[in-house]
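See structure below.
Each ligand, and each atom within it, is numbered from 1 in the order the structure gives. Along the sequence shown, the residues carry numbers beginning at 1.
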Amino acid sequence: MLVHIVADDQDKISELRSLLGSQDRITSGLLDDASSVPKQCEAMVIAVDLRNADNIAALKDVSAAFNSTPRRIFVIDRKLRLFAAQAYALGATHVLFKPVYRQSLLAALNGSGKSKATSENDDQGGAREAASEGAVSLASMFAAVSSGQQVDTAEARHAAGRICDTIAEVGFSHWLETVRRHHEGTYQHCLLVTGTAAAFGLNLGLAKSDMERLYSAAMFHDVGKAKIPLAILDKPGRLDDQERAVIETHPAAGYDALKGTGGISSEILDAVRHHHEYLDGSGYPDGLCAAEIGDIVRILTISDIFAALIEDRRYKATMARAEAYEILCGMRGKLEAPLVAAFKEVALNR
Ligand SMILES: [Fe+2]
Ligand SMILES: [Fe+2]
């Protein structure tokens, strides 16, 4: 495979070259030398500071070479993760956050071992485009919440609607595979939850207006995580009690950030605040009991838990869908049993 590295300084090129090791063929060039992009390369790895307007302009100059390259992997400093939206807008197919591990870089380059033909099939189905649009929308929503600005709800609802249409078209399994291959962390989680909720809603035969409420709620559900420090949010392994208490502030933080925003109904606000409540009253933040938890929230909670279990995380093996469904079945008293039974078809077969 011919891989071309573009960076804004030589050290980044050296670092990426040593990470890639003995790839078939590696070329590289500094961003200001657009002529160095080889024709017909199969992947580009781009490591430039996206805060710099000159860099953005220079990247736009090489956009023709970008667009003819099947995989376009942007490497972004974790502290600047909100620039992921900018990367996707520039045509990224993957965004990796520093520190980048060899394994995740190779997985991105190889599309987790998938062939080029599979990647072209993705393009036909539109799942990759829908996932990228969703990630852009999530990134701008998270940026708005973390800086105390108003969220563009129309953009997020549109992106969620497109995810639902894509699942109806290409299937749930294809969606899961595409999202897990191309997206990381909280955005991957939100895209998986939105897809799972949409697939579940389609299976339940919900009316169009309920579908819209459900997939929009899924898209917004974890926006309060924009207020949680990354060290806790992305911590591999178990959280201690103090960290867990911080994480548990995210439903109320999301609710506070969205209330009063145009285009957000009370049902969506309710789902954002209460998606971690359980029927037996053991959830958070308000310890609600069965009758106080609405239908959309119950569907979203099942979708959220399932999506979290089957996420693709660097530090743990991906759980099989059947195993994740078994865990849902074991949560007796917490989740609505008939809904969990109805979810079986989505979890295992859809
Ligand atoms: Fe959550
Ligand atoms: Fe969640």
inquiry  = Strictly below 4.0 Å, N to O, side chains only: are R213 and D210 in salt-bridge contact?
reply    =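 Salt bridge present between R213 and D210.
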request  = Over 60° means perpendicular and under 30° means parallel, so classify the ring planes of H276 and Y284, tilted if in between.
outcome  =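 It falls in the parallel class, under 30°.
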query = Looking at D222, which of its N, O or S atoms is the nearest one to the Fe ion (ligand 2)?
reply =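 Answer by atom name: OD2.
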key: Atom of D304 nearest the Fe ion (ligand 2) (restricted to N/O/S, atom name only)   =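 Atom name returned: OD1.
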ask   = How about H275: does one of its N, O or S atoms come closer than 2.8 Å to the Fe ion (ligand 2)?
value =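 False for H275.
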request  = Please state whether the separation between the Fe ion (ligand 2) and some N/O/S atom of H189 is under 2.8 Å?
outcome  =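 A backbone or side-chain N, O or S atom of H189 is under 2.8 Å from the Fe ion (ligand 2).
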Under 3.5 Å side-chain donor-acceptor pair for R17 and S28 =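 Judged by distance alone, the side chains do pair up.
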request  = Indicate whether the side chain of H158 and that of E133 have a donor and an acceptor atom separated by less than 3.5 Å.
outcome  =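 Result is yes, a qualifying pair exists.
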